[in-house]
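Both counts, for ligands and for their atoms, begin at 1 and track the order of listing. Each residue takes its place number in the sequence, starting with 1.
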Amino acid sequence: MRLGVIADDFTGATDIAGFLVANGQRTVQLNGIPSADLQVDADVAVISLKTRSCPVKQAVSESLAALDWLKARACAQYFFKYCSTFDSTPHGNIGPVTDALLAALEQNFTVVCPALPVNGRTIYNGYLFVNGVPLDESGMRHHPITPMTDANLMRLMEAQSQGKAGNVPSAVMDQGADAVRHTLASLKQKGFRYAVLDALHDVHLATMGQALTDMRLVTGGSGLANGMARVWPGVGDAAAEGRPAKGRAVILSGSCSQMTNAQVAAYCAEAASLSVSVERCLAEPGYAQELADWVMAQPHAGLAPLVYATTEPSQLKAVQDKFGAAKASEAVERTFGAVARKLAAAGFNQFIVAGGETSGIVTQSLDVGGFHIGPQIAPGVPWVRGIDKPLSLALKSGNFGQERFFFEAQDLAA
Ligand code: ADP
């Protein structure tokens, strides 16, 4: 395999996988550490973990287990993928996981580059910016789980790891791949363990891609992967194996984001749709069956039926005040999981799902261990097809896609 990726969360895994497919790489995404005997035919495997904010020990051991699986497939290079806003405080997991992966690969030097210029994440003199604002002055300063109070990636890295961090400044990036290689060699020779790579725009990503062809382990965001994959030969239609199979589709919407509300409203105006009662999710064990029966009773032809818990903020607040936010969420998620399972058993094979958590629960309920990444419906939202199940999924987190997303997903599957 050309590249083995260890991603610290699910949407991050989907993000990097999308960039790799767009660059002609046949890519599979695996949910959690796969079984040792799983056979995969692809250029890239992306293992998605949930290690961004779990205890350090767990993050290290799961990342090493993922690396073992990838090493058994003899990947030419390995990639530790984290968020473009770094999302890791001085007590975070990026440093310890990087150190553990370096040791397991018998390496003592790597790069750090969370930049994603297309989304406004740039690095200048080792400082990370979000839409032109230093990370610690952006909304990330108040993130509920990983508040970022420093924008200096060298300091952030050194605070949570065992080595020293240097910088490859943008002026060197401007000079091209040879200059970058030279600076990396010099940092390594001086005893640095990590090199933070500046990236102001896509040309810098392409330059680092050319400079890093021999590095066993790299760490960073999907922008870095995009630069690396541009150097590799690709196939014409890398998304072919992820294309949705024909069959019966359903839409399950558990997101209450503004965009999902607009998408649900646009869809309800033209297609069969059914609103979920949170109260009944909480109180009636047979409710999921009733919802599934309604879906099955809809005509086979035409637009897929929609089941939605999606609601406006004021109504959501009222429900949460009445039942408790965690209890309400959990009941809705459990119901969607059960509905999905029943529909799959009844022969439905296309699931269009809105909501990050909702997507997670549906994927888990359908017991899909991994998927081939298919064509993009909207930026960051591809169709994917199960590697171990004949199921196709379109998994959209909250604000992704435009108003006619549910129609567009079906158009692409037709
Ligand atoms: P997003 O990607 O927009 O954040 P998620 O699926 O991750 O969407 O999260 C939405 C959460 O809100 C889920 O836990 C879901 O079960 C819950 N939820 C959805 N609809 C309702 C509702 N009507 N009342 C209460 N909770 C709801």
Are side-chain N/O atoms of [X] and [Y] paired as donor and acceptor at under 3.5 Å?
| X | Y | answer |
| --- | --- | --- |
| K396 | T260 | yes |
| N23 | N226 | yes |
| S88 | Q160 | yes |

Applying the side chain to side chain donor-acceptor pair (under 3.5 Å) criterion to Y127, which one of N152, D150, D136 satisfies it? N152
I'd like a table of donor-acceptor pairs (distance under 3.5 Å, sequence neighbours excluded) in which one partner is a side-chain atom from residues 212-221, with atom names and distances.
residue, atom, partner, partner atom, Å
T219, OG1, Y82, OH, 2.7
T219, OG1, V111, O, 2.7

Ring geometry between Y267 and F407 (parallel below 30°, tilted from 30 to 60°, perpendicular above 60°): tilted
Using a 4.0 angstrom limit on heavy atoms, which residues are close to ligand 1? G254, S255, C256, S257, V278, A309, T311, L316, V319, A328, S329, V332, E333, G355, G356, E357, T358, S397, G398
